[in-house]
J.: 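Questions regarding the structure given below will be posed in turn.
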Amino acid sequence: MSQTIVLKDGRLIDYAGDRIADVVIDTSSGMITEVGTGLAAETEIDCEGLVVSPGFVDLHVHLREPGLEAAETILTGSRAAARGGFTAVVAMPNTNPAMDSASVVEQVLAAGRQALCEISPSAAISIGRNGEQLSPMGELLGAGVRIFTDDGNGVQDARFMRRALEYAGGLPNGGSPVVLAQHCEVEALTEGGVMHEGEWSAKLGLGGQPSEAEDLMVMRDITLARLTGVHVHFQHLSTAGSVAMVRAAKAGGLPVTAEATPHHFTLTDASCAGFDPVFKVHPPLRTAHDVAAVRAGLADGTIDAIATDHAPHTPESKDRSFDDAPPGMLGLETAFALAYTELELPLTDLLALFTWRPAAIAGLSDHQGSALSPGRHANIAVIDLEHRWTVRGDNLASIARNTPFEGRQLNGRVRHTFYRGEQVLANFEVTR
Ligand code: DOR
């Protein structure tokens, strides 16, 4: 086996700029050893016409391990990640048991050692994610957690959220601020709802979840970020109102960041017209007006990151009525192509949303945009912007099949992925 690989003549785009260069990877150390022109190595991969980017970072995935492995495992989810160009993913805590103790986090980290990307476990803010008792955050930080969230649900009680922020803000974390991420839904308003509340829910006779359920929690937590000075990260923003509030909060200098998912910038509530539960998700698909607002937020920097909310569900569980099926959709393998096909953003800005901006929020310094330089970990996505392809659920690496983009034609796809120097994706196929 060769020890060194050169990515030849690619267009390198990272935090430092956009230029044509070669990158030499030492597979035994997993590091980038040289960046420049006219470089050679034992193996050469022709990257002419391809974009060489830092590996992508997804702040929001559900890997279902432990407890729900019929839908996804850490290994299968990491294969989907590698195919999507992701070299690090933040795993959400709504597993069974929930990721609310150092022992469960250690179990996830141990399984992650066999994965095709870095698995960064989040941990719950509250024990059992039930909003009543704080999780042992200090111990969890020590175990390697970077982000706390009760995702799957938001923290409903304002006093509890205030205490969580105050407690987290006081924890020593090697100088980096602790991040509390919030799934913004006031359950008193969403109860009984299965899709966005509006014209379509009325037409279809399905229970609605109003935009205000998200807006209220975003408003509350912006207020709590001001009160406590502690960083709040808003997960999967979906409403025009919440994007506007985050924009204003940032303009006011508050410590807030936000992410948006590909499904919230590409699909509307009209997709639910056929009652297909593949379009059921929390927060729900909203109106064209909201989609436009999310896109504007991505374009002007209000939204810091594209995160997938990759949520695998078994075919049996999704094969129920719209009312009864669980919410969630696959996202890892289609995220970049959807963003590249649908968003009219300069390529550097688009890559920032997938790479150095989420990496900075999660404190994943091995995946920063400056990584394309000697001495950095070789976490790299090589993108073929010319590749046109059609999404087929049956061809995805995930165990689950619940993609809402079946049959959609997309432009751009990650051709090769390197994780710590190992080629985990070669010509669109995972290597193990
Ligand atoms: O649609 C969703 N599915 N939203 C969530 O917050 C949780 C996720 C899941 O775990 O399936």
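Quick caveat, the model's predicted, so the values are computed rather than measured. Counting convention: from 1, in listed order, for ligands and their atoms alike.
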J.: Is the shortest heavy-atom distance from the side chain of S398 to the side chain of H310 under 4.5 Å?
T.: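 With C-beta onward as the side chain, the pair touches.
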J.: Within this structure, what is the CD-CG distance for the pair E406 and D394, rounded to the nearest 0.5 Å?
T.: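 E406 atom CD to D394 atom CG measures 7.0 Å (nearest 0.5 Å).
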J.: Any heavy atom of K280 closer to ligand 1 than 4.0 angstrom?
T.: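 For ligand 1, residue contact (heavy atoms, under 4.0 Å) with K280 is absent.
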J.: Closer than 4.0 Å to some heavy atom of V281 - which atoms of ligand 1 meet that?
T.: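 Checking each atom against V281, I get 1 (O).
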J.: Within ligand 1, which atoms have a heavy atom of N94 less than 4.0 Å away?
T.: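 Checking each atom against N94, I get 9 (C), 10 (O).
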J.: In terms of atom number and element, which parts of ligand 1 are under 4.0 angstrom from non-hydrogen atoms of H313?
T.: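 Counting from 1, the qualifying ligand atoms are 11 (O).
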J.: For side-chain hydrogen bond (donor to acceptor under 3.5 Å, both in side chains), just list the numbers for S321 and D323, CA-CA rounded to whole Å, side-chain angles, deciding distance to a tenth of an Å, and then say yes or no.
T.: CA-CA 5 Å; S321 70; D323 277 327; 5.1 Å; no
J.: Given H60, H282, H62, M329, which has its nearest heavy atom closest to atom 8 (C) of ligand 1?
T.: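 The residue whose heavy atom sits nearest atom 8 (C) of ligand 1 is H62.
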J.: Can you tell me which residue and heavy atom of the protein come closest to atom 9 (C) of ligand 1, and the distance to 0.1 Å?
T.: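 Of the protein heavy atoms, R64 NH2, 3.4 Å lies nearest.
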J.: Are any of the N/O atoms on G328, whether in the backbone or the side chain, positioned under 3.5 angstrom from an N/O atom of ligand 1?
T.: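 Indeed, backbone or side chain, G328 has an N or O that close.
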J.: Run through R146, R420, R113 and flag the one making a salt bridge (Lys or Arg N to Asp or Glu O under 4.0 Å) with E118.
T.: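 Among R146, R420, R113, the one meeting salt bridge (Lys or Arg N to Asp or Glu O under 4.0 Å) with E118 is R420.
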J.: For D309, is the nearest heavy atom under 4.0 Å from an atom of ligand 1?
T.: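 Checking ligand 1 against D309, which is what was asked, there is a heavy-atom contact under 4.0 Å.
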J.: Atom CD1 of I383 and atom CZ of R11: how far apart are they, to the nearest 0.5 Å?
T.: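 Output value for this atom pair is 10.0 Å.
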J.: List the closest protein heavy-atom neighbour of atom 6 (O) of ligand 1: residue, atom name, distance to the nearest 0.1 Å.
T.: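 So the nearest neighbour among protein heavy atoms is H183 CE1, 2.9 Å.
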J.: Step by step, would you call D309 with H263 a side-chain hydrogen bond (donor to acceptor under 3.5 Å, both in side chains)?
T.: CA-CA 9 Å; D309 197 4; H263 48 271; 4.8 Å; no
J.: Of all the heavy atoms in P326, does at least one lie under 4.0 Å from an atom in ligand 1?
T.: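 No, that is not the case, since the closest heavy atom of the residue is not under 4.0 Å from the ligand.
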J.: Within ligand 1, which atoms have a heavy atom of A311 less than 4.0 Å away?
T.: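 Reading through ligand 1 atom by atom, the close ones are 3 (N), 8 (C), 9 (C), 11 (O).
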J.: Can you tell me how far CG of L141 sits from CD of E139, rounded to the nearest 0.5 angstrom?
T.: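 Between E139 CD and L141 CG, I get 10.5 Å after rounding to 0.5 Å.
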J.: Counting only heavy atoms not in E199, do more than 12 sit closer than 6.0 Å to its CD atom?
T.: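 No - once you tally the heavy atoms of other residues, nucleotides and ligands closer than 6.0 Å, there are 12 at most.
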J.: Within the structure, does P327 bring an N/O atom to less than 3.5 angstrom of an N/O atom in ligand 1?
T.: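 Yes, since at least one N or O of P327 sits under 3.5 Å from an N or O of ligand 1.
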